[in-house]
Number of protein chains: 2
Amino acid sequence: MKASDKAKHRNELICSALRSAILERVLLPGMKLPEDSLGERFGVSRTLIRQALERLAAEGLVELRRNRGAMVAKPSLEEARDVFELRTQIEDLVISRVIKDMTLEKLAELEAHLAKEVEAEHASEPISIRLATEFHILLAKLTGSPVLLRYVEEIGYRCGLTLSLYARPHSSNCGISEHRQIIDALANADEEKARDLMRSHLTAVADRALITQKEAGPLVYLDALEPYARQVRESRD
Amino acid sequence: MKASDKAKHRNELICSALRSAILERVLLPGMKLPEDSLGERFGVSRTLIRQALERLAAEGLVELRRNRGAMVAKPSLEEARDVFELRTQIEDLVISRVIKDMTLEKLAELEAHLAKEVEAEHASEPISIRLATEFHILLAKLTGSPVLLRYVEEIGYRCGLTLSLYARPHSSNCGISEHRQIIDALANADEEKARDLMRSHLTAVADRALITQKEAGPLVYLDALEPYARQVRESRD
DNA sequence: GTATAATCGACTGCATGCAATTTTGCCATC
DNA sequence: GATGGCAAAATTGCATGCAGTCGATTATAC
């Protein structure tokens, strides 16, 4: 309901709705996603839901086990590290491309987005993460390369999920000033500096998130509590 | 029918069958892929075909236009360049990872694969391309990272399609000696050298292929006509 | 009381049918 | 001869139904 709603057809609409729900922590990692219930709630048949789930599985946001249905993916720390490293490599390329063909219009777009980020600085965690991700997606868009855009989007979403799993509260807000610096470097056509900033930005985000797993938010509690919760529930009925 | 056939279920089987058909130029770029005919030929219903087509579309091997069906993708030169550059970035990471945790067993696997490549040195063009791609996939496997494997596979297939479109005959065979050198560098744990070799290997492949578009096969003619066709169209309305 | 086996229920895997949309061939008109 | 509109055929979009599979619960034996 929030993000890119130029998607015309229900197919993609459902897909991005589910994606948003996952990234905004309405659907938590590990939750089951039965086709029937989702279909009922969305008012469509299982066919469309299944399509969406398959696509999200391809993107790595959903885990799909044969004959056992779908659940929101629960990326391991290993996986998280891999995704972040990969992201660094890809965004290296994005920086080179963007800087090779920079215009005033593009700079203005970046500034406009940054303004939105600043405005939402004290908003909820999921919204911060979403805006931060969109900054990187905007950069990818500015390259004009559909290929780069596609992969930055995908990897960005995965990172978003990872952060929502492992990041401690407000660990990603500080990213705004780093985005600021990156824009400045781009404006000065300083490729090396922009790339270095992006690299340290990404590793900083990853470190803030991934190293702090043990002090992670309530999400992990819920998951960890599940066996106990079940015992309590079962002792009642 | 050739490659990884540990896929148990028809779902994935159909998918890899179509993928092989595309990469081996049985299905040529631009060809229509109607669900009915494919379903009939594969002996399954349209449901499964559709699933496979959607997945291949996500991988970039198939183009899927609303209400107009699927066709084998016809990557533009721009796209081809993007994919190859992206590949370079990703395989950089693969090299680092592989070298960080190299074992004798892994080296042996690489050697075994190279032997297969040498053996098939004078085989048909699609087979050469497939084996070359599998070399890179094997490297990704050796990292032990599912994430890296997934993306190297996907990008590798896309490059395969591109090569089958634009490469002149036998332009990719020379890659064998380059693979040889890469293995040696890996054996010596010379990360920098391995990475440089990989980089120049990939750009060499790309150059051999992408620069020679003009002498490419008959398929490209159709594309080359586009500017002229457009002129005619635009002079009309 | 524990371990093992069998039954039950829920959910997915897949096929098919109907509706919607696009394309193609045809005809009338300019 | 070319252009515009119209109708029919082909093809996808989506829903639903039935069968198969997996997991959970219960029953049974030790």
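Proteins get letters first, then strands, A, B, ... in listed order; numbering begins at 1 in each. As a basis for the values below, the full set of heavy atoms in this structure was taken, side chains included, without hydrogen atoms, waters or symmetry mates.
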For this session: Figure out the CG/C1' separation between A/D36 and D/dG17, and round it to whole Å.
Result: 12 Å
Problem set entry | Position toward the 5' end of DNA chain D (nearest nucleotide), A/S45 or B/K32 | B/K32
Problem set entry | Proximity to DNA chain D (any heavy atom under 4.0 Å), residues of residues 46-54 of chain B only | B/R46, B/R50
Seminar exercise, completed: Between CZ of A/R66 and C1' of C/dC14 the distance, given in whole Å, is 12 Å
Exercise. Rounded to whole angstrom units, what separation is found between the CZ atom of B/R65 and the P atom of D/dT11?
Worked result: 15 Å
Exercise. About how many Å separate CD1 of B/I49 and OG of B/S37, when rounded to the nearest 0.5 Å?
Worked result: 9.5 Å
Exercise. Can you find a side-chain donor-acceptor pair between B/Q89 and A/Y151 that sits under 3.5 Å?
Worked result: no
For this session: Test A/E109 against every option in A/L142, A/T103, A/L139, A/L114 by the side-chain contact (heavy atoms from CB on, under 4.5 Å) rule and name the one that passes.
Result: A/L142
Problem set entry | Sidechain N-carboxylate O distance under 4.0 Å for B/K116, B/E134 | no
Problem set entry | Rounded interatomic separation in angstrom, taking CG from B/L33 and C1' from D/dA10 | 16 Å
Problem set entry | Salt bridge flag under 4.0 Å for residues A/R158 and A/E154 | no
Problem set entry | Whole-Å distance separating the CD atom of A/E35 from the P atom of D/dA15 | 13 Å
Seminar exercise, completed: From the candidates D/dC22, C/dT23, D/dT12, the one with an atom nearest any side-chain atom of B/R68 is C/dT23
Exercise. Would you call B/E78-B/R81 a salt bridge at under 4.0 Å N-O?
Worked result: yes
Exercise. Between B/N67 (CG) and C/dT24 (P), how many Å, whole number?
Worked result: 14 Å
